[in-house]
Enquirer: 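Pasting in a structure now, in structure tokens, and then I'll have a few things to ask.
Throughout, numbering of the chain's residues begins at 1 and tracks the sequence. Predicted model, so just to flag it, every value in this text is computed and none were measured.
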Amino acid sequence: MDLDDRKITILKAIIKTYLETGEPVGSRTISRYTDLQLSSATIRNEMSDLEEMGYIQQPHTSAGRIPSDKGYRFYVDQIMQEKEQEVTEVKELMIQRVDRVELVLKRLAQALAANTNYAAMISGPQYHRNKLKFIQLSQMDERKLLIVTVVEGNLIKNTMADIPEPISQEELLNLNILLNSALNGLTIEEINLDVISRLKEQAGAYSQVVDLVLGAVARAIRADEEDLQIYTSGATNIFKYPELSDGARASQLLNTLEQKDVLQELIADVNETSDESGIQVYIGDETPVQTMKDCSVVTANYELGEGIRGTIGIIGPKRMDYEKVLSTLKHLMKQLDVTFKNEKGDKP
């Protein structure tokens, strides 16, 4: 007997429901949660077949069903297959458009600098408040564990971890199910002490492994910060303003605009302090970057949906034309929104 689409859908519904409730699952419950539009009697027949095939079991007479180890294994393998397919599709898409996106951002930075006569910067889009999508633990040898973490945007992070003692395949499967049930869909901020304490308590003797996994998850969720791309243009425009163009001051500013880590510091501050509109004006000493204290810096966050955000910045003298700069930024934010929607194949 083969697992057809109907049986797979019912099996998944049983496992998901059991993971949520911890209670045996009956046919009436499944009839409410699936889109099959089948009667309870039909679902009971399919559940009997699944039990005969070893994917579910009945803890005692007249009770509902719970997943067997074989059922859990099928469920985890299915999820892994689905995630790998998603990742493959996204990688193919990104390969096609990464050069295009970089070119668009570089050109926009150039246009912004030319339009305002100030220095300009644009950061590439990043995922903010990344949510965990999936965790897979695999034993490489008896004391080494591979932790595969998939987060929103299909960012994948592989981490090797040394474990204090060997783990059986059954316990490893249980840990996979426990971690995915508790953490999927959470941001790093939502994985708080209560969540961690509950997880470690449920993991029992393997609480140390949970610590290792949570560390790997935190690093994966924050990994894209290290790969932030920043595009600058118009740095030499500062020579047009006498208050910024003397040798030492100009040299310091030019050097700052070439230092990725300094610009990242500025962008991090913008992300922490900006409101929903994303517009922020720093004047003189308000500027978070010490070497820009003689300048005004106006920034805006562009939002592309689903937590994908980048930052636009204009650096100029304190006597900059604020009205023009703010108007230009608002227009550019809209332009970026349309541009990136077109990059993703959406209609503007």
Side-chain angles (χ1 to χ4, degrees), residues 1-25 30 33-34 46-47 49-59 64-90 131-142 144-152 154-161 163 166-186 191 195 198-200 202-207 209-214 216-217 220-221:
M1 192 183 301
D2 294 327
L3 271 180
D4 56 28
D5 289 343
R6 180 195 288 181
K7 285 184 174 63
I8 290 173
T9 301
I10 291 173
L11 176 58
K12 284 183 176 180
I14 292 170
I15 295 174
K16 286 181 180 179
T17 305
Y18 182 69
L19 290 175
E20 290 170 4
T21 66
E23 300 290 336
V25 183
I30 297 303
Y33 284 97
T34 68
E46 294 287 6
M47 289 171 74
D49 289 343
L50 287 168
E51 185 177 2
E52 185 179 336
M53 297 166 74
Y55 289 101
I56 57 176
Q57 56 194 27
Q58 194 171 26
R65 266 62 163 203
I66 64 173
S68 65
D69 287 354
K70 182 179 178 181
Y72 281 133
R73 170 49 60 194
F74 177 83
Y75 180 66
V76 170
D77 288 347
Q78 278 276 300
I79 293 174
M80 279 301 293
Q81 186 177 343
E82 290 167 7
K83 298 306 174 187
E84 285 172 5
Q85 180 62 31
E86 283 181 24
V87 171
T88 300
E89 290 171 359
V90 169
K131 292 181 179 180
L132 180 66
K133 289 183 72 174
F134 189 68
I135 299 170
Q136 173 68 23
L137 308 181
S138 302
Q139 200 159 10
M140 305 308 291
D141 59 46
E142 64 176 16
K144 198 170 288 292
L145 203 63
L146 172 65
I147 306 169
V148 180
T149 311
V150 183
V151 298
E152 274 187 341
N154 289 306
L155 173 69
I156 303 173
K157 182 76 173 179
N158 296 328
T159 306
M160 295 296 293
I163 53 178
I167 304 178
S168 70
Q169 286 302 309
E170 181 181 357
E171 289 298 335
L172 197 60
L173 178 59
N174 289 337
L175 277 175
N176 271 308
I177 293 166
L178 173 65
L179 289 163
N180 281 288
S181 301
L183 302 178
N184 282 7
L186 298 184
I191 304 175
V195 173
R198 190 163 56 249
L199 258 177
K200 293 177 74 171
Q202 291 174 313
Y206 299 105
S207 60
V209 177
V210 169
D211 272 337
L212 292 170
V213 173
L214 290 175
V217 168
I221 288 178

Enquirer: With Thr149, which of Asn158, Leu183, Leu132 fulfils side-chain contact (heavy atoms from CB on, under 4.5 Å)?
Expert: Leu132
Enquirer: Taking side-chain contact (heavy atoms from CB on, under 4.5 Å) as the test, write out the residues that go with Asp141, two or more places apart.
Expert: Arg143, Lys144
Enquirer: Please list, chain by chain and in numerical order, all residues satisfying salt bridge (Lys or Arg N to Asp or Glu O under 4.0 Å) with Glu51, sequence neighbours excluded.
Expert: Arg65
Enquirer: Measure the spacing between CD1 of Ile56 and CD1 of Ile15 and express it to the nearest 0.5 Å.
Expert: 9.0 Å
Enquirer: Identify which one of Ile177, Leu173, Leu19, Leu11 satisfies the side-chain contact (heavy atoms from CB on, under 4.5 Å) criterion when paired with Tyr75.
Expert: Leu19
Enquirer: For the CE atom on Met160, are there more than 12 heavy atoms of other groups (residues, nucleotides or ligands in this structure) within a distance under 6.0 Å?
Expert: yes
Enquirer: As an exercise, state the distance from CZ of Phe74 to NZ of Lys7, rounded to the nearest 0.5 Å.
Expert: 12.0 Å
Enquirer: Do the side chain of Ser68 and the main chain of Gln57 share a donor and acceptor less than 3.5 angstrom apart?
Expert: no
Enquirer: Could you check whether the rings of Tyr72 and Tyr18 sit parallel, tilted or perpendicular, using 30° and 60° as the cut-offs?
Expert: tilted
Enquirer: At their closest point, which heavy atom of Tyr206 faces which heavy atom of Ile167, and how far apart are they?
Expert: CE2-CG1, 3.7 Å
Enquirer: Run the side-chain contact (heavy atoms from CB on, under 4.5 Å) test against Leu212 and tell me which residues pass, sequence neighbours left out.
Expert: Ala161, Ile163
Enquirer: Do Glu171 and Asn174 make a side-chain contact, defined as non-hydrogen atoms from C-beta onward lying under 4.5 Å apart?
Expert: yes
Enquirer: Distance check, rounded to the nearest 0.5 Å: Leu137 atom CG versus Leu146 atom CG?
Expert: 8.5 Å
Enquirer: Could you state the interatomic distance from CD (Gln136) to CG (Leu172), rounded to the nearest 0.5 Å?
Expert: 7.5 Å
Enquirer: Could you measure the distance from the CD1 atom of Ile8 to the CD atom of Glu46? Nearest 0.5 Å is fine.
Expert: 11.0 Å
Enquirer: Which heavy-atom pair separates Asn180 from Phe134 by the least distance, and what is that distance?
Expert: OD1-CD1, 3.2 Å
Enquirer: Mind checking the CD-CG spacing from Gln169 to Asn176? Nearest 0.5 Å is all I need.
Expert: 9.5 Å
Enquirer: Do any N or O atoms from the side chain of Thr9 and from the backbone of Asp5 form a donor-acceptor pair under 3.5 angstrom?
Expert: yes
Enquirer: Using every non-hydrogen atom in the two residues, find where Gly64 and Pro59 come nearest and quote the distance to one decimal.
Expert: O-CD, 3.3 Å
Enquirer: Provide the closest heavy-atom pair for Leu3 versus Leu50 in the form atom of the first, atom of the second, distance.
Expert: CD2-CD2, 3.4 Å
Enquirer: Where is the tightest heavy-atom contact between Ile66 and Pro24, given as atom of each residue plus distance?
Expert: CG2-CA, 3.8 Å
